[in-house]
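Whatever order the structure lists ligands and atoms in, that order sets their numbers, starting from 1. Every heavy atom of this structure was used, including side-chain atoms; hydrogens, water molecules and symmetry mates were not.
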Amino acid sequence: MTTSQPTPLRLGIAGLGTVGVGVVKIIRQKANVLAARTGRPVVITAVSARSKDKDRGVSLAGYAWEEDPVALAKRDDVDVFVELMGGEEGPAKDAIEAALALGKDVVTANKALLAHHGHALAQTAEAKGAVIRFEAAVAGGIPVIKALTEGLAGNDITRVMGVMNGTCNYILTRMQDAGLPYDEVFAEADALGYLEADPTLDVGGIDAGHKLSLLSSIAFGTKVDFDGVELEGIQRISIEDINQAAELGFKIKLLGVTQMTGRGLEQRMSPCLVPADSPLGQLQGGTNMVVIEGDAVEQVVLRGPGAGEGPTASAVMGDVCDIARGFRLPTFGVPADMLTTAKSAQSNSPAPYYLRLALEDRPGAMAKIATALGDNGISIDRMRQTRHDDAHAPVLIVTHKTQRAALDAAVVAMRETGVMAADPVALRIEAV
Ligand code: NDP
Ligand code: HSE
């Protein structure tokens, strides 16, 4: 009697940069353990990238080369298309669509693509009996999608929040630790290769917003709504803000919060002050943290590396292994046709705000600002004007709890006074 050999799972990998090379290394180094864990060999049959001749520091021997990722996705010897090129349009989207059209499963780390086209792609996948997995797209090496879709499946999720962009957290913590200005640390991050090809994706909060919109969909069973994320980046955070926050007992973090309220789905990604001694406040460098709250579990905190070759490849391999085992889930945890269209709501939960202003140093300037706040029902908790040599006085105000809408109205009124050099830096103080 002959024993039949398990059928190998054959991968085609498009993109051999940081993440792609990490995946190739794991598959080459851990073939035996992967086969033992999944019950079948996991092999690479073909790869694609822009430059065939580039030395990638890993052997590609034995893999067919395709110039065109779409051709790779369509190959008969590829069961799973692994998209690690990036980009919300173009070859990544074309190749994923080509794979799905043939009923092939897809693994991707591409949060930009899914934030914009996730629902349509999920519908295509389900119509073709294929799955799309994207653990690596959110919070790098942290298995947050697995946590939400599997371990916490018995919960009504009430809120998800966290730090989801390693580059911003690196910049903010480095400014704090080294006392360096934003521009200098930004240049350092660039030199270290931390920034996305378009750095605005990182520092503008867009990349983290993409991730938050994907988590919202899974947590609340809604269609991905990236346009509904209130976005603010870290570009205006100065070393003064970092220092002032520290004196008040806070750290500044690019914090994402998503929650379903009676008014609709609130999604915001913005720099906030969080208590320095809180788990989020203590997060250093490129580390990410996601806090999930559910009715049964109460609170779960996940912390880990948010980017980089090993951590991101680790997340990709978790998805690949699930497919190899035959474990299949709809893209966003429930069938695409069951995902609802959430009404997007501006967050209006009251919070204290930190305001940094540069005021003309002339009689009555401060009074005008106080009036603009008072007229909008905002009460000042603390206020300080520091010594200065130039024409504009640096003023710090901490308000009592107020709603964002009232603060926005107050900023409009402050602008009309003509005593500010620029709009204030306004940061929510989050009790986490
Ligand atoms: P890289 O820029 O390091 O690599 C991109 C790869 O895609 C390169 O190998 C490049 O080829 C290839 N590529 C780009 N365009 C094409 C094309 N038109 N045809 C064929 N190949 C192409 O990116 P990363 O590895 O950093 O990121 C990949 C994905 O993973 C992105 O979606 C990113 O957002 C996501 N991600 C990345 C993380 C990280 O830490 N780096 C963390 C989490 C997610 P060549 O090498 O020849 O130029
Ligand atoms: N640019 C992203 C970050 C990469 O810094 O977190 C990981 O998604």
Side-chain angles (χ1 to χ4, degrees), residues 12-25 46-58 60 65-73 81-96 98 106-116 134-142 144-145 162-173 186 189-190 192-212 214-215 233-234 254 256 269 283 285-290 304-316 319:
I13 301 180
L16 295 169
T18 305
V19 185
V21 162
V23 171
V24 173
K25 283 182 186 166
V47 294
S48 176
R50 274 179 301 221
S51 163
K52 190 176 180 189
D53 301 326
K54 198 188 267 185
D55 177 6
R56 299 177 189 277
V58 66
L60 301 175
W65 178 270
E66 287 284 356
E67 293 294 331
D68 177 9
V70 173
L72 176 77
F81 178 62
V82 183
E83 186 280 304
L84 302 171
M85 297 178 286
E88 76 181 62
E89 304 289 342
K93 180 164 176 275
D94 296 344
I96 286 178
V106 169
V107 176
T108 179
N110 192 336
K111 54 262 177 176
L113 173 77
L114 290 172
H116 290 278
F134 58 97
E135 186 67 76
V138 182
I142 303 178
V144 59
I145 293 173
V163 168
M164 300 168 202
N165 183 276
T167 304
C168 287
N169 205 54
Y170 169 82
I171 291 176
L172 293 170
T173 50
F186 179 90
D190 196 12
L192 288 166
Y194 286 2
L195 294 165
E196 297 271 344
D198 171 6
T200 316
L201 289 175
D202 284 317
V203 297
I206 301 163
D207 171 81
H210 286 152
K211 295 167 180 166
L212 190 74
L214 299 176
L215 291 184
I234 63 164
L254 180 67
M269 180 61 67
L283 211 57
T287 312
N288 283 194
M289 181 176 279
V290 185
E309 178 184 304
T312 315
S314 160
V316 170
D319 286 342

Using a plain distance cutoff, I'd like to know if [X] has any nitrogen or oxygen under 3.5 Å from a nitrogen or oxygen of ligand 1.
X    : answer
T18  : yes
P91  : no
A307 : no

Provide, to 0.1 Å, the distance between [atom] and the closest protein heavy atom, together with that atom's residue and name.
atom                    : answer
atom 12 (C) of ligand 1 : G15 CA, 3.9 Å
atom 27 (O) of ligand 1 : V19 CG2, 3.9 Å
atom 15 (N) of ligand 1 : R50 NH1, 3.7 Å
atom 42 (C) of ligand 1 : T312 OG1, 3.3 Å
atom 19 (N) of ligand 1 : P69 CG, 3.6 Å
atom 32 (O) of ligand 1 : G86 CA, 3.2 Å
atom 36 (N) of ligand 1 : K111 NZ, 3.5 Å
atom 28 (C) of ligand 1 : L84 O, 3.3 Å

Side chain, backbone, both or neither: which applies to K54 and ligand 1 if a contact is any heavy-atom pair less than 4.0 Å apart?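 The answer is the side chain of K54.
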Output, or 'none' if empty, a list of ligand 2-protein atom pairs in which both atoms are N or O and the distance is under 3.5 Å, rounded to 0.1 Å.
unit_1, atom_1, unit_2, atom_2, d
ligand 2, 1 (N), E196, OE2, 2.8
ligand 2, 1 (N), D202, OD1, 2.7
ligand 2, 5 (O), G166, N, 3.4
ligand 2, 5 (O), T167, N, 2.9
ligand 2, 5 (O), T167, OG1, 2.6
ligand 2, 6 (O), G166, N, 2.8
ligand 2, 6 (O), K211, NZ, 3.3
ligand 2, 8 (O), K111, NZ, 2.6
ligand 2, 8 (O), K211, NZ, 2.8

How about [X] and [Y]: do any of their side-chain heavy atoms sit closer than 4.5 Å?
X    : Y    : answer
N110 : F134 : no
I171 : Y194 : no
V47  : L72  : no

Looking only at non-hydrogen atoms, find the nearest pair between R56 and W65 and report the distance.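 Taking every non-hydrogen atom into account, NH2-CH2, 4.4 Å.
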Can you check side-chain contact (heavy atoms from CB on, under 4.5 Å) on D207 and K211, steps first, answer last? CA-CA 6 Å; D207 171 81; K211 295 167 180 166; 2.7 Å; yes
4.0 Å protein heavy-atom contact status of atom 48 (O) of ligand 1, strictly under: yes
In the complex you have, is atom 2 (O) of ligand 1 within reach of the protein, judged by whether a heavy-atom distance drops under 4.0 Å? no
List ligand 1 atoms under 4.0 Å from L16, heavy atoms only on the residue side.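 Counting from 1, the qualifying ligand atoms are 6 (C), 8 (C), 9 (O).
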Looking at ligand 1, is there an atom of it that comes within less than 4.0 Å of some heavy atom belonging to [X]?
X    : value
K52  : no
A136 : yes
R56  : yes
G308 : yes

Any chance the side chains of D53 and S51 put a donor and an acceptor closer than 3.5 Å? no
Can you figure out which of E196, E135, M85 has its heavy atom closest to atom 7 (O) of ligand 1? M85
